2 protein chains.
Amino acid sequence: MWVRDRDATLADIAAAAETHRATLHRHFPSRTELLDATVRSCVAEIVTATEAAAIAKGPPLAALRRLVAAYLAIGDHIRFLFEDLAVTRHPAVAELTAADGPVTELIRRGQADGTLDTSLAPAWIERSIWALVYAASEAVNDGTLPAHDALPVLLRTIEDGITRPRHRNRPRGTNP
Amino acid sequence: MWVRDRDATLADIAAAAETHRATLHRHFPSRTELLDATVRSCVAEIVTATEAAAIAKGPPLAALRRLVAAYLAIGDHIRFLFEDLAVTRHPAVAELTAADGPVTELIRRGQADGTLDTSLAPAWIERSIWALVYAASEAVNDGTLPAHDALPVLLRTIEDGITRPRHRNRPRGTNP
DNA sequence: TCCTATTGCGACCCTGATGTCGCATACTTG
DNA sequence: CAAGTATGCGACATCAGGGTCGCAATAGGA
């Protein structure tokens, strides 16, 4: 796979790509440019997924669920961007998370219509979603969480936390 | 501070410790031994905090709250251990998270007494707690979340998720 | 078929970081 | 005060990894 470990040598990466180190240098003059390109590619993937989820339309909670599902589906990319601080601090990634973007807007909509907790700051809600999506993806990746439960479990955790439900009257989950 | 960046040169670390690189080598022959020692120290800190929270005693939810508060208080250490994959994979850390330890036991107790959701696997609950504690610590660290709200906000998120409360009848939080 | 672009491959240099030593200088402890 | 210990300090060896180059082989298109 790609740059699984940031420690990976260019030789390792080339080997993983079944090519030669020199060839790698022909495409990406320096190591940092390779990293940049990879990061940008991943960020683009996430942006695409976000747009595909049509966040701005429909009830906020449903939109949020679509978004989370979309993110979980590209968990590899999410993990790559957030598993390494040096990558996470990359401008492109920082912009993705820090910015007051469409996700923040969605959260505000959710708070406005009474779906989401207004006592939590949108920035924190957004961050906690990222954190849980990352955790779920990691869990799926290392086999702790079966892939087919991952989404409902993740949604349940994000929406209602880990305590026992007091009353269960809202539909949830996307699979039967 | 310590090994804030794993990329930090030994010279950097020595400088940060206001000492000389050679002196560092006298204490820790190799770089990896230094890392080991630091990781072990952090893990020990966490173990101590866990024990101090007296997890095994009292109502599970209250115990969980004590635990989360304790973890948040040593957020620096938690971040250090989890912000870098190479560190996270360190045997000592892996043992801390993967093991079926006292926290897992606490979660089982919580599920048994009806406090925690039994539809979520204990391993997942444990992981999501780590993820949210990490996220909160990070948020406090970078100024996104005011330090004084961090704990109640974190507990709220862990326990009830991000959706609007249907009924609020349980006391929460440790500060007025 | 021939021409061109791309790749494989090995050799090379260079930089930066690690690890080692020897010595001079405090600092503490008896 | 004296001995032993820890530290500051610079010099040095080593080495892994990044980046460059030239050349042969191959593929692919006109």
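In this text the structure is predicted, and so the values were computed from the model without any measurement.
Protein atom CG of Leu24(A) is 16 Å distant from nucleotide atom P of dT6(C), rounded to whole Å. Between the P atom of dT18(C) and the CZ atom of Arg31(B) lies a distance of 5 Å, rounded to the nearest Å. Taking atom CG of Leu10(B) as the reference point, atom P of dT18(C) lies 4 Å away to the nearest angstrom. For Asp7(A) and dA16(D), the CG to P distance is 16 Å, given to the nearest whole Å. Going from atom CZ of Phe28(B) over to atom C1' of dA6(D) covers 15 Å, rounded to whole Å. The distance from atom CD of Glu33(B) to atom C1' of dG19(C) is 12 Å, rounded to the nearest whole Å. As rounded to whole Å, 14 Å separates atom P of dG16(C) from atom CZ of Arg21(B). Rounded to whole Å, atom P of dC12(C) lies 18 Å from atom NE2 of His25(A).
Between Trp130(B) and Phe82(B), the ring planes are tilted. Angles from 30° to 60° get that label.
A donor-acceptor contact under 3.5 angstrom links the side chains of Trp124(A) and Thr157(B), judged on distance only.
Residues Ala22(A) and Thr9(A) both approach DNA chain D. Their nearest nucleotides, taken by heavy-atom distance, put Thr9(A) toward the 5′ side.
Taking a 6.0 Å sphere around CD of Glu95(A), one finds it holds 12 or fewer heavy atoms contributed by other residues, nucleotides or ligands.
Contact annotation: Thr19(A) side-chain N/O to dG8(C) OP1/OP2 distance is under 4.0 Å. Contact between the side-chain N/O atoms of His20(A) and the OP1/OP2 oxygens of dG10(C) is not found at any separation under 4.0 Å.
Side-chain contact between Val93(B) and Val43(B) is present, with at least one heavy-atom pair separated by less than 4.5 Å.
Across all strands, Glu18(A) comes closer than 4.0 Å only to sugar-phosphate atoms, never to a base (heavy-atom distances).
Side-chain to base pairing of Arg26(B) with dG19(C): no donor and acceptor N or O lie closer than 3.5 Å to each other.
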